[in-house]
Amino acid sequence: MTTATPEQTKAGAPPAAPAADRLRRLTRWWPAALLLVLLTAPWSSLPLPGLLDGPLGSPGSLQLIALCLLFGALATGYDLLLGRTGLLSFGHALYFATGTYATNTVMLQAGLPFLPSALLGLLAGVALAALLGSVSLRMSGIGFSMVTLAFAQAGSILVERDPGGFTGGEEGRAAPAEQLPTALVGIEHTANLYWIALAYLVLTLAVVHRVVHSPTGRVWEGIRENERRVEVLGLRPYGFKLVAFVLAGTLAALGGIVYLLLTGGATPQTTTSDFTLSLLVMVVLGGSGTRWGPLVGGVLYTWADHRLGDLAGSGAVADLPAVLRVPLSQPLFLLGTLFVLVVYLLPGGVVRLPGRLRAARERSRPLTERSRRVTR
């Protein structure tokens with residue numbers, strides 16, 4: 001017969017609340033803590049040398065952080081297609097540019113204030129996404145990708161040719177300051193633009209989280225894994241894919257409106273397929289199909305794009321030998337090298353790193369001694 005004394009049972013039993021479990025419960029609140037930090041950033045004078053040129057709350061730093069948040073949200077919306085539904089679109093920049101150009105054109109040509117113009121610009125993005133999505137989704141696989149690329153190229157050519165003088169051609173068009181709210185014009189109001197970018201990020205995360213965990217999101221997952229199986233279950237994948245396409249396009253058009261405020265104008269660079277490829281890199285860099293991966297990838301890519309450009313033009317690089325100075329003076333070379341290293345060393349994206357570290361720690365941890373049986 002096997003028995004155990006109360007002292008032995010108490011000593012041999014696992015702790016009721018291990019430190020690891022308590023730490024895991026605490027880390028669940030990190031998004032709220034980070035949001036609080038971001039909300040109070042404009043009032044902070046904390047210096048972050050190497051990360052930012054000035055204090056955290058300075059206009060230049062807030063501008064860079066706002067762009068990082070904007071593109072993090074944009075990559076999160078794009079991942080609805082790539083990571084959630086398995087649709088590789090090369091034309092996502094078209095809907096971002098539609099929000100920017102349509103809003104700016106309405107303000108310039110019709111003389112409407114910003115809010116009505118932004119609403120019309122958003123509706124234009126939604127309508128264009130619905131129209132082109134209904135056509136593109138008739139194809140699948142590489143055919144779908146090529147059709148979206150063709151539409152994006154057509155839009156880019158249209159903007160550069162500047163029919164009617166509406167787009168400004170290669171120079172773009174500045175937003176009319178007199179049509180914008182006073183609280184959004186001028187360097188002294190950079191904090192207001194920053195909060196708008198933060199609000200766009202929160203809205204995008206909330207919408208994506210809600211829809212991914214809905215019945216529609218589960219169908220998207222099924223389409224990504226095996227579209228034929230979804231058809232066998234009696235569902236029409238086309239309609240579900242169109243919903244994902246239009247929703248992603250709507251979020252992109254809204255992001256284009258925020259971008260118009262942050263940069264003060266519409267530029268043709270946002271219409272090119274290279275812009276969509278940048279979104280693709282952001283998603284892959286952070287981790288496609290994950291909750292936080294596209295956001296992390298968008299923030300890292302945007303920050304690196306700006307900071308590595310400063311590094312490439314710095315005196316430290318200029319003093320290097322030519323064999324090092326020439327490649328290191330090219331920001332795209334630095335970004336490409338960084339991307340290759342992350343893809344090679346961290347398959348699955350940056351957000352997979354904590355899980356890989358935990359797995360490696362578990363493998364290296366020695367086996368604990370088994371609890372002994374006390375017999376009498």
Asks: Not counting sequence neighbours, which residues clear ring-ring contact (aromatic ring centres under 6.0 Å, His included) with Y259? List them please.
Replies: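 Listed in chain order: F96.
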
Asks: If hydrophobic residues (ILVMFWY) are linked whenever their side-chain heavy atoms come closer than 4.5 Å, directly or via other members, who joins V340 in its cluster?
Replies: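 Answer for V340: none, a lone residue.
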
Asks: Using residues 145-156 as the side-chain source, report each donor-acceptor pair under 3.5 Å to any protein atom, sequence neighbours left out, with the distance given to one decimal.
Replies:
unit_1	atom_1	unit_2	atom_2	d
S145	OG	L88	O	2.6
T148	OG1	F90	N	3.1
T148	OG1	F144	O	3.3
T148	OG1	S145	O	2.7
Q153	OE1	S273	OG	3.4
S156	OG	T271	OG1	3.4

Asks: In residues 68-83, what donor-acceptor pairs under 3.5 Å come from side-chain atoms, sequence neighbours left out?
Replies:
unit_1	atom_1	unit_2	atom_2	d
T76	OG1	G72	O	2.8
Y78	OH	S89	O	2.7
D79	OD1	G83	N	3.1
D79	OD1	S288	OG	3.2
D79	OD1	G289	N	3.3
D79	OD2	G289	N	3.0

Asks: With heavy-atom distances below 4.5 Å as the criterion, would you say the side chains of T204 and L201 are in contact?
Replies: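 In short, these two side chains do not touch, never coming nearer than 4.5 Å.
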
Asks: Looking at residues at least two apart in the chain, or sitting in another chain, which of them share a salt bridge (Lys or Arg N to Asp or Glu O under 4.0 Å) with R210?
Replies: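 Per chain and number, R210 pairs via salt bridge (Lys or Arg N to Asp or Glu O under 4.0 Å) with no residue.
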
Asks: Side-chain heavy atoms under 4.5 Å apart, restricted to Ile/Leu/Val/Met/Phe/Trp/Tyr: what other residues fall into the cluster of Y101, or is it alone?
Replies: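 So far as hydrophobic clustering goes, Y101 is joined with V159.
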
Asks: Tell me who clusters with L112, hydrophobic residues only, linked when side chains sit under 4.5 Å apart either directly or through other members.
Replies: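 V106, L120, all in the cluster of L112.
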
Asks: Go through the structure and list residues passing side-chain hydrogen bond (donor to acceptor under 3.5 Å, both in side chains) with T263, not counting sequence neighbours.
Replies: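 Expected list: none.
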
Asks: Just to verify, what does F240 make a ring-ring contact (aromatic ring centres under 6.0 Å, His included) with, not counting sequence neighbours?
Replies: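 So F240 forms no ring-ring contact (aromatic ring centres under 6.0 Å, His included) with any residue.
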
Asks: Tabulate below the donor-acceptor pairs under 3.5 Å that side-chain atoms of residues 31-52 make, not counting sequence neighbours, or state none.
Replies:
unit_1	atom_1	unit_2	atom_2	d
T40	OG1	L36	O	3.0
T40	OG1	V37	O	3.2
S44	OG	L46	N	3.1

Asks: Please list, chain by chain and in numerical order, all residues satisfying ring-ring contact (aromatic ring centres under 6.0 Å, His included) with H213, sequence neighbours excluded.
Replies: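 Here the qualifying residues are H209.
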
Asks: Counting only pairs under 3.5 Å, give me each side-chain donor-acceptor contact of residues 129-136, with atom names and distances, residues two or more places apart or in other chains.
Replies:
unit_1	atom_1	unit_2	atom_2	d
S134	OG	A130	O	3.2
S134	OG	L131	O	2.6
S136	OG	L132	O	2.8

